[in-house]
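So the structure is just underneath, and the comments pick up after that.
For the single chain, residues carry numbers from 1 onward in sequence order.
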Amino acid sequence: MHVLILGGTTEARVLAGLLAPGTRVTSSLAGRVAAPRLPAGEVRIGGFGGVEGLAAWVREHAVDAVIDATHPFAERISFHAARAAASAHVPLLALRRPGWVPGDGDDWRDVASLEEAARALDGLGDRVFLTTGRMGLAAFADRPEWFLVRSVDAPDAPMPARTEVLLDRGPFTLEGERRLIARHDLGVLVTKDSGGAATAPKLTAAREAGIPVVVVRRPPVPAGVETAATPEEAAAWADAR
């Protein structure tokens, strides 16, 4: 059996390890991170050339099942995967870690996009902790606030005029996030609802510091695509094919 896993997320790597002992596994990484953590099994890096290219690759390499374990905000590839799997007549599963849920004491603003997140900053604070990744900073380019931008690789221009870039990769600790907020006197956090535990400590640290959080909600999984919440559930799905 040949399983194609789309994505370089933590869940994708765990899933590849669960499947690799008895299954041919190919993990496809987008290539946007300079030094990705590689999973078990075979690895390919780069795009497929759209829906038709992905469908052709699936047929050519005799893929029996596709698991979309991309980042929850990788909307384009998820929709490409849905259409390509249907075209190639192979089953598709979307592996999506559960989203974050606000708790007692949280001050969250739920928004639909980075552009809406930028507008939501009005009156919230002058020093912003921006953790939405290195892409899409153009949405904040005209904002007057000071930004601490944290990302794995150097962000793309344009970006806010008053910006300090912190290159770092999770998982992050609660104590580390507390120190970061205090050291930079941060007054507001902007993040995407990526879910998972690796970057969640920033939310606890923000609650403890009493600062508001602007949360960009994730796009939906394509209609009709089955989902799993954990690598173990996804592995069981693949084993049942």
Taking NZ, NE, NH1 and NH2 as the nitrogens, is one of them in Arg96 or Asp68 under 4.0 Å from a carboxylate oxygen of the other?
yes
Expected output: side-chain Arg13 to main-chain Gly8 donor-acceptor under 3.5 Å
yes
The test is side chain to side chain contact (heavy atoms under 4.5 Å, CB included); show your working for Arg127 and Leu148 and say whether it passes.
CA-CA 8 Å; Arg127 298 178 66 81; Leu148 177 65; over 6 Å; no
Salt-bridge test for Glu177 and Arg150: reply yes if a basic N is under 4.0 Å from a carboxylate O, no otherwise.
yes
Hey, mind stepping through Asp156 and Leu137 against side chain to side chain contact (heavy atoms under 4.5 Å, CB included) and telling me if it holds?
CA-CA 7 Å; Asp156 299 328; Leu137 297 188; over 6 Å; no
Under 4.5 Å between side-chain heavy atoms, hopping through other hydrophobics if needed: is there a path connecting Val43 to Val25?
no
First locate atom CZ of Arg241, then atom CE of Met1, and finally report the distance between them rounded to the nearest 0.5 Å.
7.0 Å
Can Leu93 be reached from Leu4 by stepping across I, L, V, M, F, W or Y side chains whose heavy atoms are under 4.5 Å apart?
no
Under the salt bridge (Lys or Arg N to Asp or Glu O under 4.0 Å) test, residues paired with Arg217 that sit two or more places apart:
Asp110
Without swapping roles, check the side chain of Arg44 against the backbone of Gly46 for a donor-acceptor pair under 3.5 Å.
yes
Which atom pairs, one a donor and one an acceptor, fall under 3.5 Å between side chains of residues 223-233 and the rest of the protein, sequence neighbours left out?
from   : atom 1 : to     : atom 2 : distance (Å)
Glu226 : OE1    : Trp237 : NE1    : 3.3
Thr230 : OG1    : Glu233 : N      : 3.1
Glu233 : OE1    : Ala229 : N      : 3.0

Only counting residues at least two apart or in another chain, list the ones meeting side-chain contact (heavy atoms from CB on, under 4.5 Å) with Asp107.
Arg109, Pro212
Does any non-hydrogen side-chain atom of Val165 lie less than 4.5 Å from one of Pro155?
yes
Please answer: with hydrophobic residues joined when any side-chain heavy atoms are less than 4.5 Å apart, are Leu180 and Trp146 in the same cluster?
yes
Could you tell me whether Arg143 and Asp122 have a side-chain N and a carboxylate O separated by less than 4.0 Å?
yes
More than 12 heavy atoms of other groups within 6.0 Å of Arg83 CZ
no
Where at least one partner belongs to residues 69-96, residue pairs that pass ring-ring contact (aromatic ring centres under 6.0 Å, His included), sequence neighbours excluded
His71-Phe73
Show every donor-acceptor pair shorter than 3.5 Å between a side-chain atom in residues 53-63 and any protein atom, with sequence neighbours excluded, or say none if there are none.
from  : atom 1 : to    : atom 2 : distance (Å)
Arg59 : NH2    : Ser87 : O      : 3.1
Arg59 : NH2    : Ser87 : OG     : 2.9
His61 : ND1    : Trp57 : O      : 3.0

If Ile, Leu, Val, Met, Phe, Trp and Tyr residues are connected whenever their side-chain heavy atoms lie under 4.5 Å apart, and connections chain through other members, are Val213 and Ile181 in the same group?
yes
Taking Asp106's backbone N and O only, do any of them form a donor-acceptor pair with Arg207's side chain (distance below 3.5 Å, no angle check)?
no
Once ring-ring contact (aromatic ring centres under 6.0 Å, His included) is applied, what residue pairs with a partner in residues 98-137 remain, sequence neighbours excluded?
none
Does Ser151 use its side chain to pair, donor to acceptor, with the backbone of Thr131 at less than 3.5 Å?
no
Do you know which of Thr132, Leu124, Leu189 makes side-chain contact (heavy atoms from CB on, under 4.5 Å) with Val214?
Leu124
Do Phe140 and Val190 pass the side chain to side chain contact (heavy atoms under 4.5 Å, CB included) test, and can you show the C-alpha distance, the side-chain angles, and the key distance before you say yes or no?
CA-CA 11 Å; Phe140 302 89; Val190 180; 4.1 Å; yes
Is there a side chain to side chain contact (heavy atoms under 4.5 Å, CB included) between Ile211 and Val188 once you walk through the steps?
CA-CA 5 Å; Ile211 65 176; Val188 57; 5.6 Å; no
Is atom CZ of Arg76 surrounded by more than 12 heavy atoms (other residues, nucleotides or ligands) closer than 6.0 Å?
no
Is there a continuous path of hydrophobic side-chain contacts, each under 4.5 Å between heavy atoms, that joins Leu186 to Leu166?
yes
Does the Arg218 side chain pair with the main chain of Ser194, one donor and one acceptor, at a distance under 3.5 Å?
yes
